[in-house]
Amino acid sequence: MNTDLSLLQPYPFEKLAVLLGNLNPPKELEHISLGIGEPKHPAPSLVTDVLRQSVDLVANYPTTKGSQELREAIADWCTRRFRLQAASLTADNHVLPVMGTREAIFAFTQCAVERKPGALVFSPDPFYQIYEGAAYLAGAEPYFMPTLEENGFIPDYDAIPEAIWQRCELLFVCSPNNPSGAVHSREQLIKLIELADKYDFILASDECYSEIYFDEANPPVGLLEVCQQIGRHDYKNCVVFHSLSKRSNLPGLRSGFIAGDAALMKPFLLYRTYHGCAMPIQVQKGSVAAWNDEAHVQQNREQYRLKFAAVLEILAPVMDVKMPDASFYLWAKTPIDDDKFTAGLFEQQHLTVLPGRYLSRETTDGLYPGSGYVRMALVATVEECVEAAWRIRRYIESL
Ligand SMILES: Cc1ncc(COP(=O)(O)O)c(C=O)c1O
C-alpha cells in the first residue's frame with residue numbers, strides 16, 4: 001500500500017467520538033448536535049422535483065465534463081454573483097461540475113502539485129482536513145498558516161519566510177472560513193494573486209460557504225471577482241470551489257463546481273476522466289435548477305440570521321463569541337480547555353460541539369492554533385439552536 005496513507009490523521013469526528021465515548025449524558029435531555037456542519041434546512045422542492053422526474057436517466061452514462069446546460073448554468077451563476085465581464089468565464093473552457101467540493105479539492109491537489117523536492121501545499125490552520133490529506137497523497141507536505149484572532153482569523157502572509165514561499169506549489173484560501181467564518185478582503189486576495197505570480201504557485205479558493213452571509217447588500221468577495229477587478233481576465237493560476245451543499249441545503253446531492261484558469265481546467269478534466277467522477281445526469285439536472293434560483297438561498301440566509309441573533313443574545317453574557325463575517329459557524333472562546341469544555345457540555349447537557357484543537361495541528365511551540373475555541377454549527381432549527389444556547393449558558397454558569 002501507499003506508505004503516504006500512514007500520514008492521514010483520523011477525521012475530527014472520530015476524535016470526538018473517542019472523547020465522548022465513555023461519558024453518560026443525562027437521558028432526560030434529548031441530544032442536540034452543533035458538531036457537524038451538515039445543513040438541516042429542507043432541500044428545495046424545485047430540486048427534488050427535478051430529481052424525481054429525471055430518475056430514469058440513470059439508464060445513461062454521464063460525461064465527465066457534464067452537460068452544456070449545467071456548465072452554462074454554472075458560468076451564468078458565477079457571472080451574476082461575482083459581476084464578471086460577460087463571456088469571460090465560459091461554459092466550454094472555465095468550469096467543471098464536481099461531486100461536491102471535497103472530492104474536487106482532493107482531486108485538484110493531485111493535479112496541481114508538481115512534486116518538486118520540498119513541495120509545499122499551504123493551508124490555513126485550523127482547517128478543513130481534506131487540504132492536509134490531499135497534500136500528503138499528492139507527494140507534498142502541508143504548510144500550516146495559523147489563523148489567529150489578532151489577525152482577524154486571516155493567515156499572516158507577511159510572516160511567511162521567503163524560502164517557504166519558494167516551495168509553495170498550491171495555496172488554499174478558505175473564505176468564508178471554516179471554522180471562524182472570516183472572509184478575505186479584496187486587498188488580501190490581490191496580495192495573494194501577486195504572491196502567486198511572484199512565486200509561481202496555484203491559488204485555490206474554497207468558497208463553499210460564500211452564500212451564507214448576513215448583509216444582503218454585501219456578499220463575501222470571491223477570487224474570480226477580484227481577478228476581474230484587476231483585469232486578470234484569464235484568471236491565471238486561480239481556481240475557485242463552490243458547492244450546493246451549504247448554499248442550497250443539498251449536502252447529499254454531491255454537487256458543486258470548480259471554475260477558473262482554462263489552462264488548469266483542461267488537464268484537470270483529463271485527470272477526472274481517469275478518476276471516474278462523472279456527475280449522474282439527474283444530479284446535473286437538479287443542479288441546474290438550484291444554480292438558477294436565488295429565492296431559496298435568500299430564505300436560507302434569513303433562517304441563519306434568525307438563529308445567529310437568537311443564539312448570540314443568549315450566549316453573549318457568558319461567552320466570548322461574535323457574529324462571524326459569514327458561514328453558519330460560531331467560533332467561540334472557551335472558559336476552560338476546549339476538549340474539557342466539550343466533554344463537560346456533553347456530560348451535563350447532552351449537547352455536542354467540536355473542540356477547536358481537532359481542526360488544528362500542533363505547531364513547533366507545542367500550540368494548537370484552534371485550541372481554546374469550540375466550533376458550533378447552527379444548522380438545526382431555530383428552536384433547537386435556542387435550546388442549545390440555553391444549555392451552553394447553564395453549563396458555563398455551572399463551571
Ligand atoms: C471548508 C469546506 N470545504 C469544502 C467542504 C466540502 O463540502 P461538499 O463536499 O459538500 O461540497 C466543506 C464541508 O463541510 C467545508 O467545510
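Basis for what follows: all heavy atoms, side chains included, without hydrogens, waters or symmetry-related copies.
Between Phe214 and Phe308, a ring centre-to-centre spacing shorter than 6.0 Å is recorded.
Taking the six-membered ring for Trp and thresholds of 30 and 60 degrees, His184 and Tyr157 have ring planes inclined between 30 and 60 degrees apart. In this pair, His350 and Phe346 present their aromatic rings perpendicular. The plane angle is above 60°, beyond the 30 to 60° band. Between Tyr199 and Trp165, the ring planes lie parallel to each other; the angle is under 30°, not in the 30° to 60° tilted range.
To the nearest 0.5 Å, atom CG of residue Leu244 and atom CD of residue Glu211 are 10.0 Å apart. Remark: Lys198 NZ to Glu162 CD distance equals 5.0 Å, nearest 0.5 Å. Atom-to-atom distance recorded for Leu34:CG and Leu330:CG is 9.0 Å, nearest 0.5 angstrom. Atom CG of Leu345 and atom CD1 of Ile336 lie 9.5 Å apart (nearest 0.5 Å). Lys40 contributes atom NZ, which lies 11.0 Å from atom OG1 of Thr381 (distance to the nearest 0.5 angstrom). A distance of 4.5 Å separates CD in Glu103 from SG in Cys277, rounded to the nearest 0.5 Å.
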Worked check of side-chain hydrogen bond (donor to acceptor under 3.5 Å, both in side chains) between Thr101 and His242: CA-CA 7 Å; Thr101 45; His242 282 268; over 6 Å; no

Stepwise side-chain contact (heavy atoms from CB on, under 4.5 Å) test for Leu70 and Trp291: CA-CA 9 Å; Leu70 174 58; Trp291 291 117; 4.2 Å; yes

Ser245/Arg254 under side-chain contact (heavy atoms from CB on, under 4.5 Å): CA gap, chis, key distance, verdict: CA-CA 7 Å; Ser245 299; Arg254 310 311 302 134; 3.6 Å; yes

side-chain contact (heavy atoms from CB on, under 4.5 Å) assessment of Leu223 paired with Ile193: CA-CA 9 Å; Leu223 183 61; Ile193 294 171; 4.0 Å; yes

Stepwise side-chain contact (heavy atoms from CB on, under 4.5 Å) check, Leu269 with Lys266: CA-CA 5 Å; Leu269 173 59; Lys266 199 171 171 203; 6.0 Å; no

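You'll find the side chain of Val240 stays beyond 4.5 Å of the side chain of Ile258, heavy atoms only. Between Glu169 and Ile202 there is no side-chain heavy-atom pair separated by less than 4.5 Å. Two residues are said to be in side-chain contact when any heavy atoms from C-beta on lie closer than 4.5 Å; Pro335 and Ile396 meet this criterion. Under the 4.5 Å side-chain criterion, counting only non-hydrogen atoms from C-beta, Leu120 is not in contact with Phe201. Inter-residue side-chain proximity for Phe13 and Ile36 is flagged as met; some heavy-atom pair is nearer than 4.5 Å. Side-chain contact between Ser175 and Asn177 is absent, with no heavy-atom pair separated by less than 4.5 Å. Between Pro25 and His31 the shortest side-chain heavy-atom distance does not fall below 4.5 Å. For the pair Arg71 and Asp92, the minimum side-chain heavy-atom distance is below 4.5 Å.
In this structure, Met279 and Ser287 approach most closely via the heavy-atom pair SD-OG, 4.1 Å. Among all heavy-atom pairs drawn from Gln129 and Pro12, the shortest one is OE1-CD, 3.2 Å. Closest approach of Gly133 and Leu8 over heavy atoms only: CA-CD2, 3.5 Å. Between Leu354 and Gly35, the shortest heavy-atom distance links the atoms CB-O, 4.3 Å. Here the closest non-hydrogen pair linking Leu367 and Pro369 is O-CD, 3.8 Å. Summarising the geometry of Arg232 relative to Cys238, their closest heavy-atom pair is NE-SG, 4.1 Å, with the distance given to 0.1 Å.
Heavy-atom contacts from other residues, nucleotides or ligands closer than 6.0 Å to NZ of Lys15 number more than 12. Within 6.0 Å of CZ in Arg83 there are 12 or fewer heavy atoms belonging to other residues, nucleotides or ligands. The 12-atom threshold is not exceeded at CD of Glu30, counting heavy atoms of other residues, nucleotides or ligands nearer than 6.0 Å. Sparse packing is recorded around CD of Glu313, with 12 or fewer heavy atoms of other residues, nucleotides or ligands lying under 6.0 Å away. The environment of Asn60 atom CG is dense: over 12 non-hydrogen atoms of other residues, nucleotides or ligands sit within 6.0 angstrom.
Judged purely by distance below 3.5 Å, without hydrogens or angles, the side chains of Glu149 and Trp331 never pair a donor atom with an acceptor atom. Between the side chains of Glu72 and Gln68, at least one donor-acceptor pair of N or O atoms lies under 3.5 Å. Checked by atom type, the side-chain pair Arg186/Gln229 shows a donor-acceptor distance below 3.5 Å. Side-chain atoms of Asp125 and Ser360 form a donor-acceptor pair, as typed in the model, at a separation below 3.5 Å. Residues Glu132 and Ser123 bring no donor and acceptor atom of their side chains to less than 3.5 Å of each other. For the residue pair Gln188 / Ser185, a side-chain donor-acceptor distance below 3.5 Å is found, with atom types taken as modelled. Donor-acceptor pairing under 3.5 Å is recorded for the side chains of Asn300 and Asn249. Counting only N and O atoms by type, the side chains of Ser205 and Glu207 include a donor and acceptor under 3.5 Å apart.
Using a 4.5 Å cut-off between side-chain heavy atoms of Ile, Leu, Val, Met, Phe, Trp and Tyr, with links allowed through other members, Ile32 and Tyr329 fall into the same hydrophobic cluster. Both Phe328 and Val311 sit in one connected hydrophobic cluster of ILVMFWY residues. Membership requires side-chain heavy atoms under 4.5 Å apart, directly or through other members. Val173 and Tyr209 fall into different hydrophobic clusters, where Ile, Leu, Val, Met, Phe, Trp and Tyr side chains are chained together by heavy-atom contacts under 4.5 Å. Residues Leu359 and Leu378 fall into different hydrophobic clusters, defined by Ile, Leu, Val, Met, Phe, Trp and Tyr side chains chained together at heavy-atom separations under 4.5 Å. Linking ILVMFWY residues whenever their side-chain heavy atoms come closer than 4.5 Å, directly or via other members, leaves Val386 and Ile392 in distinct clusters.
Paired with Lys191 under the rule salt bridge (charged side-chain N to carboxylate O under 4.0 Å, His left out), one option of Asp158, Asp156, Asp197 passes, and it is Asp158. Considering Phe241, Phe108, Phe172 as possible partners of Tyr131, the one that fulfils the ring pair (Phe, Tyr, Trp, His ring centres under 6.0 Å) test is Phe172.
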Side-chain polar contacts of residues 42-53 - donor-acceptor pairs under 3.5 angstrom, sequence neighbours left out - could you list them?
| residue | atom | partner | partner atom | Å |
| --- | --- | --- | --- | --- |
| Thr48 | OG1 | Ser45 | O | 3.3 |
| Asp49 | OD1 | Arg52 | NH2 | 3.3 |

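Taking a cutoff of 4.0 Å between a charged side-chain nitrogen and a carboxylate oxygen, Arg305 and Glu302 qualify as a salt bridge. Using a 4.0 Å cut-off between charged nitrogen and carboxylate oxygen, Glu294 and Arg247 count as a salt-bridge pair. Here Asp338 does not pair with Lys333 in a salt bridge; the nearest charged N to carboxylate O distance is not below 4.0 Å.
A donor-acceptor distance shorter than 3.5 angstrom exists from the side chain of Thr79 to the backbone of Ala75, with no hydrogens or angles considered. With hydrogens and angles ignored, the 3.5 Å screen pairs a side-chain donor or acceptor of Glu225 with a backbone N or O of Gly222.
Relative to the six-membered ring of Tyr213, Arg301 meets both conditions, a distance below 6.0 Å and an angle of at most 45° to the axis.
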